[in-house]
Amino acid sequence: MATTLKNLSQYSSSNIPDISNKKFAIVVSEWNEDVTESLYRGAIETLMKHGAQKENIYRKDVPGSFELSLGAQWVAEIEDIDAVICLGCVIQGETRHFDFICDAVAHGITNVGLKYNKPVIFGVLTPENQKQALDRAGGKHGNKGDEAAITAIKMLGF
Ligand SMILES: Nc1c(NC[C@H](O)[C@H](O)[C@H](O)CO)[nH]c(=O)[nH]c1=O
Ligand SMILES: CC(=O)[C@@H](O)COP(=O)(O)O
């Protein structure tokens, strides 16, 4: 369902496992930091709302979304990390650079999850412009950071 038809911060609270002892790593891209910091706030607030302990949430910053895959690998290989959340925002420009970054980070993050057999969540906005980004980072369409966090939580219960 397209985001315009749903709010990224609305989700079923059924099947929420106990995460009081679970450890999370959040990898955050510095590009478009006004957006990614809002995604981060949404993610950490959602994790703690559902019982995660602040001391069990580890943050790793990377320069851009392209580096999220390697950043995810660095934290996924830490044995007691239970789930990884990757947050970024790639805004379309004039060239095809956008396509290459989005493709690379989607495949890269997927491969890290498969390699380490733990949830590695794709919390990367890929908007056409800044407005679309802000609408999905605490704006009228909610916050993809919330969505990424609840996805990580639910995966730990499956
Ligand atoms: N234009 C955006 C970028 N570009 C930088 C790349 O992610 C990467 O850091 C660079 O190509 C060096 O490897 N990154 C974003 O996250 N968002 C953008 O809009
Ligand atoms: C997605 C990007 O890297 C973007 O900033 C590149 O913009 P452009 O394609 O206009 O160089």
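In listed order, ligands and their atoms are each counted from 1.
Listed for the K22 side chain is no donor-acceptor partner under 3.5 Å among the backbone atoms of A52. Between the side chain of T36 and the backbone N or O of L87 there is no donor-acceptor pair closer than 3.5 Å. Without hydrogens or angle criteria, N32 side chain to V35 main chain gives no donor-acceptor distance under 3.5 Å.
Applying the side chain to side chain contact (heavy atoms under 4.5 Å, CB included) test between C86 and each of V75, V112, I121, I109 identifies I109 as the sole match. Between K23 and the choices I78, I57, N56, the side chain to side chain contact (heavy atoms under 4.5 Å, CB included) rule is met once, by N56.
At a heavy-atom cutoff of 4.0 Å, ligand 1 is surrounded by S29, W31, N32, G64, S65, F66, E67, C89, V90, I91, H97, I101.
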For ligand 2, find each of its N or O atoms that sits under 3.5 Å from a protein N or O atom, and tabulate the pairs with distances to one decimal place.
| residue | atom | partner | partner atom | Å |
| --- | --- | --- | --- | --- |
| ligand 2 | 3 (O) | H97 | ND1 | 2.6 |
| ligand 2 | 9 (O) | E94 | N | 3.2 |
| ligand 2 | 9 (O) | T95 | N | 2.8 |
| ligand 2 | 9 (O) | T95 | OG1 | 2.5 |
| ligand 2 | 10 (O) | E94 | N | 2.7 |

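A salt bridge links R59 with E37: at least one charged nitrogen is closer than 4.0 Å to a carboxylate oxygen.
Applying the salt bridge (charged side-chain N to carboxylate O under 4.0 Å, His left out) definition to pairs two or more places apart or across chains, those involving residues 140-155 are K144-E147. Residue pairs meeting the salt bridge (charged side-chain N to carboxylate O under 4.0 Å, His left out) criterion with at least one partner in residues 91-114, sequence neighbours excluded, do not occur; the list is empty.
Cluster membership for L134 and V90, using ILVMFWY side-chain heavy atoms within less than 4.5 angstrom, is not shared.
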